[in-house]
Amino acid sequence: MQVGSESDPRQEPGNLPAPYVSPWLEFARNLQALFADLQLRAQELWRRNGEGDLSIPGFWPRNLASIFWPVVLLLVVALPLAGLRWWQSAHPTLPEPAPGVVARDGFVPDGVLPETVVPEPLLPEPLITPQPQPALEPEPTLFDFEDPPLPELDLNPLLDLFLDGSAPEGLLASATPQPAQNRLVLQVSDAWNSLGPSVRTSIAADWQQRSRDLGYSSLQLVDGRQTLLGRSARVGSGMILFESNSVG
């Protein structure tokens with residue numbers, strides 16, 4: 001048995017070239033490791049800042065140590081943006097003048113230099129022939145309109161049923177129904193007081209009969225002050241009349 005005469009194929013020779021590795025894969029692995037390291041460092045800074053372990057100036061209160069560096073970071077970001085906005089507002093950009101701008105009536109647009117304005121040639125004004133004005137019709141006055149006819153008065157049809165000449169003229173002033181109480185209220189004028197008792201009784205009985213024919217179970221007579229002068233009898237039939245100075 002010969003030892004070392006033949007090399008073991010399972011042993012890798014040390015002089016062979018290294019296997020090829022893509023530089024882009026190496027860059028991706030390194031970039032991933034870089035992001036992981038930055039994340040760990042950021043977490044460590046956040047933890048140390050929350051614990052107040054980071055160095056702060058002596059004038060800053062110790063109980064507010066955790067917000068010092070966030071405020072500094074906010075100022076570092078905000079100050080350049082504020083400076084940029086101030087620079088843009090202090091130095092606005094002017095629009096470029098348009099070549100060959102025609103001036104009308106001496107007006108020059110903003111941002112246009114006077115030497116770039118081309119005056120518009122003057123054209124002769126056309127002759128304007130005056131047109132005859134039509135004759136104006138006189139405006140109508142208030143006297144030209146006819147007064148509209150006055151509307152006819154619509155009397156209470158319920159009152160018309162009692163104004164048939166059976167009672168003296170002007171005695172009955174109004175007739176007001178009260179459907180909730182099934183009652184009819186008749187208002188008489190002051191001429192009621194000048195009538196005799198028998199005439200009042202006769203007129204009241206006639207009005208009571210007419211109110212019953214209309215479907216009202218109760219009738220009341222009042223004067224202009226709504227004083228009760230008479231009413232239907234609650235027991236039996238007929239009318240009960242009162243004097244004008246008494247209360248029924």
Side-chain angles (χ1 to χ4, degrees), residues 63-64 67 70-71 74 78 81-82 85 88-89 92 104-105 107 109-110 126 128-248:
N63 56 346
L64 302 178
I67 65 173
V71 171
L74 180 62
L81 295 178
R85 294 293 300 273
Q88 292 179 352
S89 60
R104 296 180 180 271
D105 300 333
F107 173 75
D110 296 338
I128 301 177
T129 304
Q131 299 293 334
Q133 298 292 335
L136 299 177
E137 298 181 358
E139 297 182 357
T141 60
L142 296 177
F143 300 98
D144 297 336
F145 296 98
E146 297 181 357
D147 295 335
L150 297 176
E152 298 180 359
L153 297 178
D154 185 15
L155 300 178
N156 189 352
L158 183 61
L159 183 61
D160 295 342
L161 298 177
F162 294 87
L163 299 177
D164 57 351
S166 59
E169 184 178 359
L171 179 62
L172 188 59
S174 66
T176 305
Q178 296 180 354
Q181 293 82 14
N182 196 17
R183 179 189 302 160
L184 179 63
V185 179
L186 299 179
Q187 179 181 344
V188 296
S189 62
D190 294 338
W192 177 266
N193 298 326
S194 62
L195 300 178
S198 60
V199 179
R200 295 179 190 174
T201 303
S202 176
I203 294 176
D206 180 59
W207 285 350
Q208 183 185 22
Q209 183 61 38
R210 296 190 183 191
S211 65
R212 287 181 177 177
D213 294 341
L214 294 175
Y216 295 98
S217 61
S218 176
L219 175 66
Q220 286 186 356
L221 303 179
V222 297
D223 58 5
R225 297 180 296 274
Q226 299 300 314
T227 303
L228 185 63
L229 302 178
R231 61 175 174 81
S232 302
R234 297 174 182 172
V235 179
S237 61
M239 290 287 295
I240 300 176
L241 303 180
F242 310 97
E243 295 297 332
S244 60
N245 56 356
S246 62
V247 179

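Keep in mind that what you see is a predicted model, and the values were worked out from it rather than measured. Hydrogens, waters and symmetry mates are skipped; everything else that's a heavy atom, side chains included, is used.
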Which distance, rounded to the nearest 0.5 Å, do you find between the [atom1] of [X] and the [atom2] of [Y]?
X: T201; Y: D206; atom1: OG1; atom2: CG; result: 12.5 Å
X: M239; Y: Q209; atom1: CE; atom2: CD; result: 12.0 Å
X: L186; Y: W192; atom1: CG; atom2: CH2; result: 9.5 Å
X: R231; Y: Q208; atom1: CZ; atom2: CD; result: 11.5 Å
X: Q220; Y: I240; atom1: CD; atom2: CD1; result: 11.5 Å
X: T176; Y: R183; atom1: OG1; atom2: CZ; result: 12.0 Å

_D190, CG atom: more than 12 neighbouring heavy atoms under 6.0 Å_ = no

| Any chance CD of E169 has more than 12 other-residue heavy atoms, nucleotides or ligands included, within less than 6.0 Å? |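 No - once you tally the heavy atoms of other residues, nucleotides and ligands closer than 6.0 Å, there are 12 at most.
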
_Could you check whether any side-chain N or O of S89 sits under 3.5 Å from a backbone N or O of R85, counting only pairs where one atom can act as donor and the other as acceptor?_
yes

### Check: R200 side chain, N193 main-chain N or O, donor-acceptor pair, under 3.5 Å
yes

If every non-hydrogen atom of [X] is compared with every non-hydrogen atom of [Y], which pair is closest and at what distance?
X: A204; Y: L219; value: O-CD2, 4.3 Å
X: Y216; Y: P177; value: OH-CB, 3.2 Å
X: I203; Y: L171; value: CD1-CD2, 3.9 Å

